[in-house]
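Accompanying notes for the structure given below.
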Amino acid sequence: MIPDKFLKPYDPTSTEDRIYALWEKSGFFNPDKLPERNKKGEPFSIVLPPPNVTGVLHMGSALMLAIEDIMVRYARMKGKQTLWIPGTDHAAIATQAVVEKDIQRKEDKSRHDLGREEMLRRIGTHVQTTHDIIVSQMRKMGASIDWSREAFTLDDKRNLAVRTAFKKMYDDGLIYRGYRVVNWDPKGQTTISDDEIVYETRKTKLYTFRYSKDIPISISTTRPETKLGDTAIAVNPDDPRYKKYIGEEFDAVFAGEPIHLKVIADASVELEFGTGALGVTPAHSIADWEMAQRHSLPLKQVINEYAKMTVGLDGIKDKKTTEAREAVVDWLKKEGLLEKEEDIEHNISLAERTGGIVEPLPKLQWFVAVNREFKREGVTFTLKQLMTRVVETDQVQFIPDRFRDVYHHWIGSLRDWCISRQIWYGHRIPVWYKNQEIYVGVEAPKGNDWIQDEDTLDTWFSSGLWTFSTLGWPDEKEFNINRKYHPTTILETGSDIIFFWVARMILMSTYLLDEVPFKTVYLHGLVRDGKGRKISKSLGNNIDPLEMIIKYGADAVRMALIVAVGPGNDSKVDEQKIKAYKLFSNKIWNIARFILSATENVKYSAEFSEWSDTDKKHIEVLNDLIKEITSEMDEYKFYLVGEKLYHYVWHEFADKIIEESKSIIDGTDEKVKNSRIQFLFYALRAILRLLHPFMPFVTEEIWREVGKSKSLLMVEEWPRY
RNA sequence: GCGCCCUUAGCUCAGUUGGUAGAGCAACCCAUUUACACUGGGAAGGUCAGGAGUUCGAAUCUCUUAGGGCGCACCA
């Protein structure tokens, strides 16, 4: 008798949690507990890109989990010693910003009202809640991940890894403290790295004016308020208009502020832009600061951390830069110095996490030097060279490979990485100060008077260590046990974090371990709505993966996300597509029902060989498919495999083979009938195994009836051909 | 300014050493208590963005034009 449940449509909700519990109980998520076949197999390892503990999972995370679980389940069925390490990311700025905002809204308090300790306690509570939700969502997706090794980017072990890495880089001269113009986010009250800036094109005005009637050179700027901090006028050395002024010095009182300007020649000045002369503001522009370094110009700060002016006339001093700008323009008009006002479009820099307008400010911060040379075994390297070399020599390969060019292009223009943040949530910088002394160490120095640096590290500093900090590094004993899993086999992640994360992992791993963090990088794109639009709150086009799982099952959601979406491409997902794969789950269910009832009193025989001619052909077609699919799986072409399986199962196997089986089974030719029944067994067993990485729940549930044994489909052998 | 990518059936996309165009969805016609809370059968639909070149042969290689997306840089 076939079970009653097959008489009803496939019901994912009553199945999935039960199946997941079975898998977990089996222990097979942990490579140490896999069957002998796998223990002897080659290692396959992958880390989960740790989701931020800022909120719940979105479709992008669901896509990531689907692809990675396909890779992992396939590897496991191929007999590999398969490890998938889970974790979550503390996402320093992002998380603190979310909690701060929440407290501001509910209690009208700032973090300074609460104090460092209380604020961290509040964040901790928030993080625990979101962490638990995220983890339960990963289970719902069917992720066959080793929960016994779960890590957090801010837990004790990872903190030790961070301190160890920092110390080593400091000793090698690759981490330094420097007074430089950095990207300051006035809204988040912290510095941010170049990569944490997003650009937005806005219309603005370009003003052309003179500092005073006595200065013969006019300049153009979009930010007149910063001109109170100018210390030079720069012109192109070949500009005939200004050659005669080079080296001259002028004094003026600009909007109430005395300024002293030296005319300098710098090749970076374009002759065509504006008047061909520019006011140099070393304290409030990274480009000007670099120019000031070249010409030994003084630096004069006129804007503070709150983006307010610190000098100038009434109506300028203590005002926000935006207000001060208008006041300076009014002053220029009144003095008759303004010559031109034009509308132009230009990019403004926004802090990615807070949306604040980035204000370049001179600050004492910690940096990773990417161009500084260091010695390793007698050979001189820079971090940039290490990062470039491993990709050039194909020690790390990109899928799709065009990202290799993108990666190199980014490295080409890479500047020193500012890693200190003035926020509280994160890894505290392992540096202590006492009077004029400085101590950098893995552990705090002995003695009482040492005060630890107040700042925390960029969240990507700890993320960069992820492939090996999760395997126990720097604890030698633990890392040695896990040594076979590093370099990891593959990294699967979103193409949007190739610089943030992929590049930083390559940096940290090549520097600290002298080996790559992964051999292959598989990049997926953005998940968009059915119309190809970005998912956004304002459009209200968000599709909640959990809601879809409840409605259509995780198998359907997984298939909808991966079919027909090649690596690196954005995917379009709408409810209709998910629904179509729910119907497919049901189709598989009914195929099983038909075969189970047709073969009810017959035993499956693996050695059966008396195939009818038609069945021989069917076997051939199926084997060709298996062969094709297997090589495509090895090439990570899941988007093709999913589609091919769908097509074969539905339109070849169900529509043709099962249809013709009806008359064969009702017929009188026992030999043909027998052959067909054995073939149905054979094909169903193959189909379930082939589909399992893609649709693990429904296939496992059917396998329990078909396999007629207690063995789990998840550790069955991938079909041979 | 530098770099990457895209333009194939109404829609979403495959098409990997160059060999007379494919799938899913949608739309159309017909059938159907069927293993199928639906499904089956059928037919229709494309000068592969435009142009030039290489070739016996180009959706596929080269150049070019147009449109679109993205990244980096600049942002006086």
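When the C1' atom is used for both A9(B) and A21(B), the distance is 10 Å, rounded to whole Å. When the C1' atom is used for both U65(B) and U7(B), the distance is 14 Å, rounded to whole Å. Atom name P, nucleotides A58(B) and A52(B): the rounded distance is 13 Å, in whole Å. Between G41(B) and U34(B), the two C1' atoms lie 14 Å apart (nearest whole Å). Rounded to whole Å, the C1' atom of C13(B) lies 23 Å from the corresponding atom of U17(B). Only the C1' atoms considered, G46(B) is 11 Å distant from A59(B), to the nearest whole Å. The separation of U54(B) from U64(B), taken at their C1' atoms, amounts to 15 Å, rounded to a whole angstrom. Between G69(B) and C29(B), the distance separating the two C1' atoms is 40 Å to the nearest Å.
D570(A) places its CG atom 17 Å from the C1' atom of C11(B), with the value rounded to the nearest Å. One atom, NZ of K656(A), and another, C1' of U39(B), lie 15 Å apart when rounded to the nearest Å. In this structure, E600(A) places its CD atom 13 Å from C1' of A35(B), rounding to the nearest Å. Per the geometry, CD belonging to E628(A) stands 13 Å off C1' belonging to G15(B), to the nearest Å. Separating the CG atom of L645(A) from the C1' atom of A14(B) is a distance of 15 Å, rounded to the nearest angstrom. E652(A) places its CD atom 16 Å from the C1' atom of G22(B), with the value rounded to the nearest Å. For F273(A) and C75(B), the CZ to C1' distance is 7 Å, given to the nearest whole Å. Remark: C1' of C13(B) and CG of D574(A) are 13 Å apart, rounded to the nearest angstrom.
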Quiz item: Pairing of RNA chain B as dot-bracket, 5' to 3': ( ) intra-strand, [ ] crossing, | other strand, . unpaired, with Watson-Crick or G-U pairs under 3.5 Å?
Solution: ((((((((.[[[[.)...(..]]]]..((((.......))))......[[[[[..)....]]]]])))))))....

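Not a single donor-acceptor pair under 3.5 Å links the side chain of D288(A) to the backbone N or O of V280(A). Of the possible donor and acceptor atoms, one in the side chain of D570(A) sits under 3.5 Å from a partner among the backbone N and O of L526(A). Side chain of H284(A) to backbone of P360(A): a donor-acceptor contact under 3.5 angstrom is found. Proximity of a side-chain donor or acceptor of E248(A) to a complementary backbone N or O of Y245(A) within less than 3.5 Å is not detected.
If you check U12(B), A14(B), C5(B) against the side chain of K572(A), the one that comes closest is U12(B). Set against C5(B), G40(B), G71(B), the side chain of D655(A) has G40(B) as its closest nucleotide. Nearest nucleotide to the side chain of V406(A), out of C4(B), C72(B), C74(B): C4(B). Comparing A35(B), C74(B), G40(B) against the side chain of Y199(A) picks out C74(B) as the nearest. Taking only side-chain atoms of F594(A), from C-beta outward, the nucleotide of A35(B), C72(B), C74(B) with the closest atom is A35(B). Closest to the R415(A) side chain, of the nucleotides A37(B), C75(B), C74(B), is C74(B).
Here the straight-line distance linking atom CG of D195(A) with atom CZ of R415(A) works out to 10.0 Å at 0.5 Å rounding.
Ring pair H647(A)/H651(A) is tilted by interplanar angle, where 30° to 60° counts as tilted.
Note on W650(A): a side-chain N or O is less than 4.0 Å away from OP1 or OP2 of G40(B). Proximity of N586(A) to the phosphate of A37(B): a side-chain N or O atom is located under 4.0 Å from OP1 or OP2. Within the structure, a side-chain polar atom (N or O) of Y639(A) is placed less than 4.0 Å from OP1 or OP2 of G15(B).
Within 4.0 Å (heavy atoms only), I658(A) reaches at least one base atom of the nucleic acid. Nucleic acid contact for T222(A): sugar-phosphate only, since backbone atoms but no base atoms lie under 4.0 Å from a heavy atom of the residue. Heavy atoms of A287(A) sit under 4.0 angstrom from primed sugar atoms or phosphate atoms, though from no base atom. Looking at heavy-atom distances under 4.0 Å, K662(A) makes contact with a base. If you check every strand for non-hydrogen atoms under 4.0 Å, F499(A) touches sugar and phosphate atoms only.
Here D416(A) pairs with R180(A) in a salt bridge; the nearest charged N to carboxylate O distance falls below 4.0 Å.
Looking at heavy atoms from C-beta onward, R325(A) lies out of side-chain contact with K205(A) at the 4.5 angstrom threshold. Taking 4.5 Å as the limit, some side-chain heavy atom of L206(A) sits within range of a side-chain heavy atom of F273(A). Between Y207(A) and V329(A), the closest side-chain pair of non-hydrogen atoms falls below 4.5 Å.
Of the two residues contacting RNA chain B, namely L206(A) and I591(A), the nearest-nucleotide position lying further toward the 5' end is that of I591(A). Summary of the strand contacts: N590(A) and L640(A) both lie near RNA chain B, and taking for each the nucleotide with the nearest heavy atom, the more 5' one is attributed to L640(A).
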Practice problem: Would you mind building the protein contact string for nucleotides 23-30 of chain B? One character per nucleotide, 5' to 3', B for base within reach (heavy atoms under 4.0 Å), S for sugar-phosphate only, - for untouched. | Solution: BSSS----

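In the interface, the side chain of H409(A) is paired with the base of C2(B) through a donor and an acceptor atom under 3.5 Å apart.
Centroid-to-centroid, the aromatic rings of F403(A) and F398(A) stay 6.0 Å apart or farther.
Each side-chain hydrogen bond (donor to acceptor under 3.5 Å, both in side chains) pair with one or both residues in residues 554-569 of chain A, not counting sequence neighbours, appears once here: D69(A)-R558(A).
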